[in-house]
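I have placed the structure first, in the form of structure tokens, so that the comments after it can refer back to it.
Lettering of chains follows the sequences in order, A, B, ..., and the numbering in each one begins at 1.
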Protein chains: 2
Amino acid sequence: MRLSKRGEYALRALIDIGIASELGRPMLQVSELAAKEKLPVKFLEQILTQLKAAGYVKSKRGKLGGYSLAKRMDRIRFGPVIRLIDGPLAPIPCVSQTSYVRCTCPDEIHCGLRMLMLDVRNAIAKVLDRYTLAEIVEITLRKLRRDKVTPLFLQPSKGLVPILPPELTRKIIVSRN
Amino acid sequence: MRLSKRGEYALRALIDIGIASELGRPMLQVSELAAKEKLPVKFLEQILTQLKAAGYVKSKRGKLGGYSLAKRMDRIRFGPVIRLIDGPLAPIPCVSQTSYVRCTCPDEIHCGLRMLMLDVRNAIAKVLDRYTLAEIVEITLRKLRRDKVTPLFLQPSKGLVPILPPELTRKIIVSRN
DNA sequence: TCGAATTCATACTTGCTTGGTAGGAATTAT
DNA sequence: ATAATTCCTACCAAGCAAGTATGAATTCGA
């Protein structure tokens, strides 16, 4: 029941962009993203263009380019993103709502496995289709503040300085060990 | 988030054996099983020996051989079976309870993705680790009775006659258009 | 005791998927 | 002009999924 690396990286990217944007840094570069989560740059690049094609992010090319969100965070749900990248959430095709395929069993109505897997698929969808990026970002941010930690891409690195007002930056940045 | 065919077939087999056994037919042959669900015989064979090795079923060899359950149905939960065949339920390794592996992200505590996926993994486990084979079999059987249908392997085929008492058999068997 | 029917064990195959690399073209700020 | 970025496309190696194939070991009925 694994999420692919592709899917994982896609979600990480969205969340990171979301956090950064919430902190006043709406655009992130692939290299920053990759560095933060230690992901392969070129692979992530591909994933982001896929997210772009689907309308989740938009990009600016050239020097000082990067990616930013293309929709409001509270309109981005995780289920659709995963479906886009990894396919259906359902464990078996005959319980998929978005791409149903009949299975080989002789009698779907009385199929115990189907019933069980429908429960599973609903449980999964209940989480992934209900949470929005806004919620996850907000919760994460709250946790970060509570523990007085700042996300990596807001710490100065390779000359890129946070765009946050200095007093707020200082209030948040504390340490990372 | 797919269940593999292996996993699917394993569960189907268990459920079918469970139903048959509940109807007084404790032992099923691979060929019957495969015929009923239209699965490749030799593949199913492999899966059953795997289930046997793990103690879910026992077998009798030779003519009139077959497979039967090795444990009480109310002691067989679906989660462990799937873990056996397909590996962990968790979408990403860092939220697996049974085989945790740290992920690449710099800070697990404040990882939004991890939090989300933990929810997903719990939702999945809540279904699969709580349902027992006994429950699924019972529900299926109730449905079958309500709709007056009999499972295929209890209908006479290749000379194998149901072991159910005839009056009960007649009451259940009605039609399968 | 023989033959048929079954499970058991192991090796192999075929195509697909995953998780990337590689190389370069197009775009943009300085 | 140049450096830094995104964009595009092709490629690739390894592993995995879903089986096939072959034959041995076991068990029954005749």
Strictly below 4.0 Å: does [X] bring a side-chain N or O up to OP1 or OP2 of [N]?
X: B/Tyr9; N: D/dA18; value: no
X: B/Ser59; N: C/dC8; value: yes
X: B/Lys5; N: D/dG19; value: no

Nearest whole Å is fine: how far is [N] [atom2] from [X] [atom1]?
X: B/Arg2; N: C/dC16; atom1: CZ; atom2: P; value: 17 Å
X: B/Leu51; N: C/dA9; atom1: CG; atom2: P; value: 14 Å
X: A/Leu28; N: D/dT5; atom1: CG; atom2: P; value: 13 Å
X: A/Ile47; N: C/dT21; atom1: CD1; atom2: C1'; value: 14 Å
X: A/Lys58; N: D/dC7; atom1: NZ; atom2: C1'; value: 18 Å
X: B/Leu44; N: D/dA17; atom1: CG; atom2: P; value: 17 Å
X: B/Phe43; N: C/dC12; atom1: CZ; atom2: P; value: 19 Å
X: B/Met1; N: C/dT17; atom1: CE; atom2: P; value: 18 Å

(message) Looking at B/Arg142 and B/Glu138, is any side-chain nitrogen of the basic one under 4.0 Å from a carboxylate oxygen of the acidic one?
(response)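 Yes, this pair counts.
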
Practice prompt. Verify whether one side chain among A/Lys52 and A/Ser59 offers a donor that lies under 3.5 Å from an acceptor in the other.
Written response: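 Judged by distance alone, the side chains do pair up.
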
Just the atom pairs and distances: protein N or O near nucleotides 23-30 of chain D's N or O, under 3.5 Å.
residue: D/dG23; atom: O6; partner: B/Lys42; partner atom: NZ; Å: 3.2
residue: D/dA25; atom: N3; partner: B/Arg61; partner atom: NH2; Å: 3.2
residue: D/dT27; atom: O2; partner: B/Lys63; partner atom: N; Å: 3.3
residue: D/dC28; atom: OP1; partner: B/Lys60; partner atom: NZ; Å: 3.1

For B/Glu22, check side chain to side chain donor-acceptor pair (under 3.5 Å) against everything at least two apart and list the hits.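 With sequence neighbours excluded, B/Glu22 shows a side chain to side chain donor-acceptor pair (under 3.5 Å) to no residue whatsoever.
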
Q. B/Val30 or B/Gln46: which one's nearest nucleotide on DNA chain C is closer to the 5' end?
A.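 Counting from the 5' end, the first nearest nucleotide belongs to B/Val30.
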
Report yes or no: does B/Ser96 contribute a side-chain atom to a donor-acceptor pair with the main-chain N or O of B/Pro93 at less than 3.5 Å?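 Such a contact is absent between B/Ser96 side chain and B/Pro93 backbone.
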
Is there a donor-acceptor pair under 3.5 Å between the side chain of B/Arg77 and the backbone N or O of B/Asp129?
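Yes.
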
| query | Quick one: which of A/Ile15, A/Val127, A/Leu14 gives a side chain to side chain contact (heavy atoms under 4.5 Å, CB included) with A/Phe78? | reply |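 Running side chain to side chain contact (heavy atoms under 4.5 Å, CB included) over A/Ile15, A/Val127, A/Leu14 with A/Phe78 returns exactly one hit, A/Ile15.
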
**Prompt:** Near A/Lys126 NZ, under 6.0 Å, is it more than 12 heavy atoms from other residues, nucleotides or ligands?
**Reply:**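 Not more than 12 within 6.0 Å, no.
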
